[in-house]
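Since the structure comes first, as structure tokens, the remarks are kept for the end.
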Amino acid sequence: MDVTYEPELVEQKARAFWDDTRCFEVDEDPDKEKFYCLTMFPYPSGHLHMGHVRVFTISDVIARYQRMQGKHVLQPMGWDAFGMPAENAAIKRGVPPAKWTYQNIEDMRGQFDRLGYGYDWRREVTTCKPEYYRWEQWLFTKLFEKGLVYRKNSIVNWDPVDQTVLANEQVIDGRGWRSDALVERREIPQWFMKITAYADELLEGLDHLDGWPDSVKSMQRNWIGRSEGVELSFDVEDEEEPLSVFTTRPDTLMGVTYMAVAAEHPLANKAASDNADLAAFIEECKKMHAAEAEMETMEKKGMPLGISAIHPITGQKVPLWVANFVLMGYGTGAVMAVPGHDYRDQEFAVKHGLPIVQVVEPLDGSEIDVMKEAYVDYGRVVNSGFIDGMTFEEAFAAIAEKFESEGRGKRTINYRLRDWGVSRQRYWGTPIPIIYCDDCDAQPVPEDQLPVVLPEDVEVTGVGSPLKDMPEFYEVACPKCGKPARRETDTFDTFVESSWYFSRYASPDCDTAMLDEREAYWMPVDQYTGGVEHAILHLLYSRFYQKLMRDFGLSGADEPFTNLLTQGMVLKDGAKMSKNKGNTVDPQALIDKFGADTVRLFMMFAAPPEQALEWSDDGVQGASRFLKRFWNAVQAHAAKGDVPALDPDSLNDAERDLRRKTHQTIAKVSDDIGRRYTFNTAIAASMELLNAVNRSDGSSPQAVAVEREALDAVVLLLSPIVPHISHELWEVLGHTTAPVNELWPEFDESALEQDTIEIVVQVNGKLRGRISVAADADKGTVARLALADENVSRFVEGKDVQKTIVVPGRLVNIVV
RNA sequence: GCCCGGGUGGCGGAACUGGUAGACGCUACGGACUUAAAAUCCGUUUCGCGAAAGCGAGUGCGGGUUCGAUUCCCGCCCCGGGCACCA
């Protein structure tokens, strides 16, 4: 045998076959069952990294498996091409973002092909191209007309030195990443999409997403944060307007000992007008960083406003405070504080010496001390006059009814979810199609003037957006009155592009509409794969967009992704691979050294897809070694020449065992890939089968026939994972077809039958022996044989057998 | 801080519905082949005691349920992801 495994040649040959036969290009065929297999498209950073290799390989394995199930499989690829890294590269190297991005795309496309991914490249979508983003702009103008987008002031991180808005990741310890200047909060007008109008549907829809991981659904549920409560009005001393608060705990109303408003609240501003200390504190609150994690962990600060609200039941004065943990954007921007029954209120009250009152007691009568720790569970209401003794539900209803009848409140449903701010003060993004006119206010760009093309030949300095220095871009006529007007220079959040690209793959070349009838054939996506870090934002925005597109008659689907697989990160030395840590491994170097199949095999073998994967150079060696063994085993077998037809009835025990192993393996791998997505165990099972073939003596013609059956199976079972070597070995085994066009093997039930099986015997739950019994032996026989075992009898002798548990086909447990 | 995951040999992991803990692979060690090395092949590899048969311990920590718990329940510890302008 002088045929050695040369991955380079084998892989070239397989790729040439796939290219020549155009086997991954698919059109709509209503007679075939479609399967749309999609991966979250990558940002074209210019460098293929291990995370890409992992997620694209997972998706490719699923696509190839489904193809072998006889499905009509679409697997497209594209580029999430707008984003900050292009601007950063431009600042650093003086290359325009467009040029940098297009070059990166060229480089990465070649790398993907080298890995053997079966994409229909005719459908490639690149989000920074006007042919793509024009439809995004078009939909935005339609949303504008329908009132689903609006403009309001909102806060950004402002770098006073670079005169630029910073992303949260560009703010390090409160300072600008480049300038090191203290970052300020600045309020500017920005565009928002009304995702809250779909909050209920987005929440309810999760109940029907059976193909999504529970963890992702749970995260989205918590993110939407639906809560039922009551909005209550408190009169304020010397004020016309009452103060409105939202609470989910009206049962604790009598425990209110103070109230707190946000720094931006009108009452706070009013009180600050003649109080310099207060004004300074409010300014300080406004400077803090906007991230929720910081809001929650920072010191809870506040100051009294010097005015009081009137408790609506008791008529007593309740002091008003301004506090840095109250958000203007959630609820009414004011809260009633019940320090006896809320942890945060308690912490604040203790710190500022505010009274704490108990108004709820545990239902089980256990002792609590609300002065020490807030009691937040539902219980029985106490110290609360007319609602005393009520449960949470009763008190909720009583308070709600009382306030509703008095016209001072109403039952309300509140969401944690906020509307989606889509404005970015950046250059490298889709221009927001709006024109500002002094007379006509904000006007959408008319359809016949779309797309608003982003100028690509620019110089990026890092100080402001280049669009603001380009009169040829922003000087336009008002579409309504014709007077000179100004074009919006902000661009869209890049999540907008990624919220609908999956639909565009169905009709990537359509230049008359956003989507066409082909969308109905392919959507929804049958299998979506991507990083768990996208569990909330990208996946929620995409669900929102799907509903918008449906409501505009562009799609018939309620949800975009039927099944979701979230894959874990690739780690090295226990940490995420990143340039900062200097622990990256270049996939290209490995592909050059070992070939694509080895890299694919290691990635799929090292861990199940949902878990983090620890990188191992030795593991790659192991994968390479296995492929060599695989290659050599098939070549050695092929050298035995002609194989007789398999006759299952004439097999000896060893041959029968190997044949059983073959069919067990087919069953296991089918289940592992098709249902469980545990590619690692599928590979382990295939390795076991190959090991079994290598141990077989293969001296008789029937032994060779059984070996052939086993090897045929291994080649097909592994072909989704290591498609190149499988393509070659399938030919070596004498087939004239290609695995990519083969149907998935089926297992033979009759080959799985066994005459005798091994049963484990325990005494008091401890393993004491193993017995061999007939497969159809009854419980009594099994128990008798168990007691007869030499080692078992040692532990049972002289003791009373209290109970014998027989689990058919598995074990016997004797309790003494 | 809140939400969602995870924790099993020297390492990656397996054990799918409560039923043999450590499949498969890596590393290390021993052996074969070789002038030698690499490659390849064979064997050993959770820890402790034992010549062996076997015995004891063991799935982050502490409790509980059960004939039986990596798996279910309660309380903790540690690590990772997300937290709305990274994508």
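Naming: A, B, ... by sequence-line order, numbering from 1 per chain.
Of the P atoms belonging to B:rG30 and B:rA38, the separation is 13 Å, rounded to the nearest Å. Look at the P atom in both B:rC47 and B:rA23: the space between them is 13 Å, to the nearest Å. A gap of 14 Å separates the P atoms of B:rG58 and B:rU71, to the nearest Å. When the C1' atom is compared between B:rG22 and B:rU46, the two are found 8 Å apart, to the nearest whole Å. Separation of the P atoms belonging to B:rG7 and B:rU70 is 14 Å when rounded to the nearest angstrom. Atom P of B:rC73 sits at a distance of 16 Å from the matching atom of B:rU66, rounded to the whole Å. As rounded to the nearest Å, B:rG64 and B:rG25 have C1' atoms that lie 38 Å from one another. Taking the C1' atom of each, B:rU27 and B:rG75 are spaced 38 Å apart, rounded to whole Å.
Counting non-hydrogen atoms of neighbouring residues, nucleotides and ligands closer than 6.0 angstrom, the CG atom of A:D214 reaches no more than 12 such neighbours. Atom CG of A:D377 is surrounded by more than 12 heavy atoms from other residues, nucleotides or ligands within 6.0 Å.
Relative to the side chain of A:V760, the nucleotides B:rU20, B:rU40, B:rC83 differ in distance, and B:rU20 lies closest. The nucleotide whose nearest atom lies closest to any side-chain atom of A:L767 is, among B:rG25, B:rA21, B:rG19, B:rA21. Closest approach to the A:K766 side chain among B:rG81, B:rA57, B:rG12 is made by B:rA57 (side chain taken as heavy atoms from C-beta onward). When distances are taken from the side chain of A:M219 to each of B:rC4, B:rU27, B:rG25, the shortest belongs to B:rC4. Checking B:rU27, B:rC67, B:rC24 against the side-chain heavy atoms of A:R625 singles out B:rU27 as nearest. For A:N222, taking side-chain heavy atoms from C-beta onward, the closest of the listed nucleotides B:rC86, B:rC16, B:rC3 is B:rC3. Of the candidates B:rG1, B:rU20, B:rG81, B:rG1 carries the atom nearest the A:E296 side chain, counting heavy atoms from C-beta on. Taking every side-chain heavy atom of A:T494 into account, B:rA87 is the closest of B:rG25, B:rA23, B:rA87. Taking the side chain of A:V815 as heavy atoms from C-beta on, and the options B:rA84, B:rC67, B:rU20, the nearest nucleotide is B:rC67. Taking the side chain of A:I805 as heavy atoms from C-beta on, and the options B:rG1, B:rC24, B:rC67, the nearest nucleotide is B:rC67.
The CE atom of A:M603 sits 13 Å away from the P atom of B:rG13 (whole-angstrom rounding). Between the P atom of B:rA87 and the OH atom of A:Y43 lies a distance of 8 Å, rounded to the nearest Å. Rounded to whole Å, the distance from CD on A:E610 to C1' on B:rC4 is 12 Å. Distance A:Q762 CD to B:rG18 C1': 12 Å, rounded to the nearest Å. Rounded to an integer number of Å, the gap from A:L690 CG to B:rC41 P is 11 Å. For the pair A:Y330 OH and B:rC2 P, the computed distance is 16 Å after rounding to whole Å. Rounded to whole Å, atom P of B:rC2 lies 21 Å from atom CD1 of A:I224. If you measure from atom CZ of A:F325 to atom P of B:rG1, you get 17 Å, rounded to the nearest angstrom.
Put simply, A:R768 has a side-chain N or O that comes within less than 4.0 Å of OP1 or OP2 on B:rC55. Not one side-chain nitrogen or oxygen of A:R695 sits closer than 4.0 Å to the OP1 or OP2 atom of B:rC41. Checking the phosphate oxygens (OP1, OP2) of B:rG25, a side-chain nitrogen or oxygen of A:N691 falls inside 4.0 Å. The phosphate of B:rC4 (OP1 or OP2) has a side-chain N or O of A:S218 nearer than 4.0 angstrom.
Base-pair partner of B:rA53: not found among the strands shown (Watson-Crick or G-U wobble, both distances under 3.5 Å). Across all strands shown, B:rG80 forms a Watson-Crick or G-U wobble pair, both distances under 3.5 Å, with B:rC4. Across the strands present, B:rC41 finds its partner in B:rG31; the criterion is a Watson-Crick or G-U wobble pair with both atom distances under 3.5 angstrom. The pairing partner recorded for B:rU20 is none, the criterion being a Watson-Crick or G-U wobble arrangement whose two distances lie under 3.5 angstrom. Applying the Watson-Crick and G-U wobble criteria (two distances, each under 3.5 Å), B:rG25 pairs with B:rC11.
Within 3.5 Å, a donor on the side chain of A:N813 pairs with an acceptor on the base of B:rC67, or the reverse.
Residue-level contact check: A:W223 touches the bases, meaning some heavy atom is under 4.0 Å from a base atom. No contact: A:Y343 has no heavy atom under 4.0 Å from any strand. Within 4.0 Å (heavy atoms only), A:V216 reaches no atom of the nucleic acid at all. Using a 4.0 Å heavy-atom cutoff across all strands shown, A:A535 reaches no nucleic acid atom at all. Within the nucleic acid shown, A:R810 comes within 4.0 Å of sugar-phosphate atoms alone, with no base atom in reach, counting heavy atoms only. Counting any heavy atom pair closer than 4.0 Å across all strands shown, A:P42 reaches no nucleic acid atom. Counting non-hydrogen atoms under 4.0 angstrom, A:M569 reaches the backbone sugars and phosphates but no base. Within 4.0 Å of A:S423, counting heavy atoms only, lies at least one base atom of the nucleic acid. If you check every strand for non-hydrogen atoms under 4.0 Å, A:K300 touches nothing. Counting non-hydrogen atoms under 4.0 angstrom, A:L417 reaches a base of the nucleic acid. Counting non-hydrogen atoms under 4.0 angstrom, A:H534 reaches a base of the nucleic acid. Within the 4.0 angstrom heavy-atom criterion, no nucleotide atom of any strand lies near A:S616. Within the nucleic acid shown, A:Q190 comes within 4.0 Å of at least one base atom, counting heavy atoms only.
One distance of note links CG of A:L202 with CZ of A:F544; it measures 8.0 Å at 0.5 Å rounding. Here the CZ atom belonging to A:R178 is positioned 9.0 Å from the CD atom belonging to A:Q170, to the nearest 0.5 angstrom. Between atom CZ of residue A:F82 and atom CD of residue A:E136 there is a gap of 8.0 Å, rounded to the nearest 0.5 Å. The structure places CZ of A:R543 at 13.0 Å from OH of A:Y198, a figure rounded to the nearest 0.5 Å.
With its glycosidic angle within 90° of 0, B:rG9 is assigned syn.
Ring-plane geometry between A:F192 and A:Y150 is classed as parallel, the angle between the planes falling under 30 degrees on a 0 to 90 degree scale with a further cut at 60.
Side chains of A:T196 and A:D419: a donor-acceptor N/O pair is present below 3.5 angstrom, by distance only.
Comparing A:Y541 and A:Q611 against RNA chain B, the residue whose closest nucleotide sits nearer the 5' end is A:Q611. Both A:R629 and A:N680 lie near RNA chain B, and the one whose nearest nucleotide falls closer to the 5' end is A:N680.
Between A:Y132 and A:W500, the distance from one ring center to the other falls under 6.0 angstrom. Residues A:W615 and A:F602 bring their aromatic ring centres within 6.0 Å.
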